[in-house]
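Below you'll find the structure, written out as C-alpha cells, and then a few comments.
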Amino acid sequence: MPAGLKTVILLSFVLAVGFLLIILSCALWANWLPLLVALTFVLAPLPNALFSQCGGDEFSASYEEGSNTMDLGRFITSIVVVTGFALPIVLTHSEVIHPGACVMSILGGGLVYGTILAYSAAFSQDTDDYQ
C-alpha cells in the first residue's frame, strides 16, 4: 500500500474519532450546543488558507517571508481556534453543558483541527519550481 494512502486512511480514522467524540458529547447529555465546537474547528483553517493566497507580489523588492495579509489570516485563525477551545469551557462554567461533554468536545475538536492541519501539511505542494 502506498504511503499516501496509509496517511489518508490514518487521518480519516482520526477525523472520524474526533467527530464521534463531539457527537457523543452532544448525544449523551441531550444538549446539542457542543456541536458548535465542530463548526468552529472545521472553519478555523479557512482564514489562513484564504489569506495565504493573497500574499505578496512576486516582483516586489522585499524578500520577507510573511506579509501583512498572511499575518492577518493567521491571527483570525488563532482567534477561531481559541474560541473553539474556550466555548465549551464557558458553557460548562455557566452550567449549560455537562463537564464531561466539555472534555469530550475539546478532545474531539482538537482531533478534528489536528487532522486538518496534518492533512494540509502532508499533502501541501511547493509552489517553487526551481528547487
Side-chain angles (χ1 to χ4, degrees):
M1 200 180 314
L5 187 60
K6 289 180 183 179
T7 305
V8 169
I9 291 171
L10 177 69
L11 289 175
S12 64
F13 177 73
V14 173
L15 184 69
V17 169
F19 278 124
L20 176 71
L21 282 173
I22 292 172
I23 291 172
L24 279 178
S25 72
C26 298
L28 290 178
W29 287 280
N31 188 353
W32 293 93
L33 283 174
L35 198 60
L36 293 174
V37 174
L39 180 68
T40 57
F41 280 116
V42 167
L43 295 178
L46 284 180
N48 201 12
L50 290 176
F51 283 101
S52 68
Q53 300 300 320
C54 301
D57 188 12
E58 64 184 42
F59 298 112
S60 77
S62 66
Y63 294 107
E64 296 177 6
E65 284 293 320
S67 66
N68 293 335
T69 55
M70 289 174 53
D71 289 341
L72 179 64
R74 290 181 185 131
F75 180 71
I76 294 172
T77 298
S78 65
I79 288 173
V80 175
V81 169
V82 169
T83 301
F85 284 114
L87 182 65
I89 295 171
V90 170
L91 290 175
T92 301
H93 182 71
S94 62
E95 297 178 356
V96 174
I97 65 172
H98 193 269
C102 172
V103 171
M104 288 175 71
S105 65
I106 288 175
L107 288 175
L111 285 175
V112 168
Y113 185 66
T115 303
I116 293 170
L117 284 181
Y119 180 81
S120 64
F123 296 106
S124 67
Q125 296 177 354
D126 290 334
T127 58
D128 192 11
D129 294 334
Y130 300 107
Q131 285 188 2

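Throughout, numbering of the chain's residues begins at 1 and tracks the sequence. Worth saying up front: this structure is predicted, and the values here are computed from it rather than measured.
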Check: Under a 4.5 Å cut-off applied to non-hydrogen side-chain atoms, are F13 and V8 in contact?
Finding: no
Check: If every non-hydrogen atom of I97 is compared with every non-hydrogen atom of P88, which pair is closest and at what distance?
Finding: CD1-O, 3.7 Å
Margin query: Between F75 and I79, is there a side-chain heavy-atom distance shorter than 4.5 Å?
Written below: yes
Next item on the list: Kindly compute the distance separating CG (D71) from CD1 (I76), expressed to the nearest 0.5 Å.
Entry: 11.0 Å
Notebook entry, point to check: Honestly curious: do I116 and L111 fall in one hydrophobic cluster under the side-chain, below-4.5 Å linking rule?
Noted result: no
Next item on the list: Mind checking the SG-CZ spacing from C102 to F85? Nearest 0.5 Å is all I need.
Entry: 11.0 Å
Without placing hydrogens or testing angles, list every side-chain donor-acceptor pair under 3.5 Å for residues 20-45, not counting sequence neighbours.
| from | atom 1 | to | atom 2 | distance (Å) |
| --- | --- | --- | --- | --- |
| S25 | OG | I22 | O | 2.6 |
| W29 | NE1 | H98 | ND1 | 3.4 |
| N31 | OD1 | L33 | N | 3.4 |
| N31 | ND2 | V96 | O | 2.6 |
| T40 | OG1 | L36 | O | 3.4 |
| T40 | OG1 | V37 | O | 2.8 |

Checklist line | Value rounded to 0.5 Å, distance of CZ in F51 from CG in L72 | finding: 4.5 Å
Checklist line | Cluster check V103, V17: I/L/V/M/F/W/Y, side chain < 4.5 angstrom | finding: yes
Checklist line | Separation of T92 OG1 from L87 CG (nearest 0.5 Å) | finding: 9.0 Å
Checklist line | F19: partners by ring pair (Phe, Tyr, Trp, His ring centres under 6.0 Å), with sequence neighbours left out | finding: none
Check: Are L107 and L91 connected in the hydrophobic side-chain network, where two residues link if heavy atoms are under 4.5 Å apart?
Finding: no
Note to self: T115: which residues meet the side-chain contact (heavy atoms from CB on, under 4.5 Å) condition with it, sequence neighbours left out?
What the structure shows: L11, V14, L15
Check: Less than 4.5 Å apart, any side-chain heavy atom of I9 and any of L5?
Finding: yes
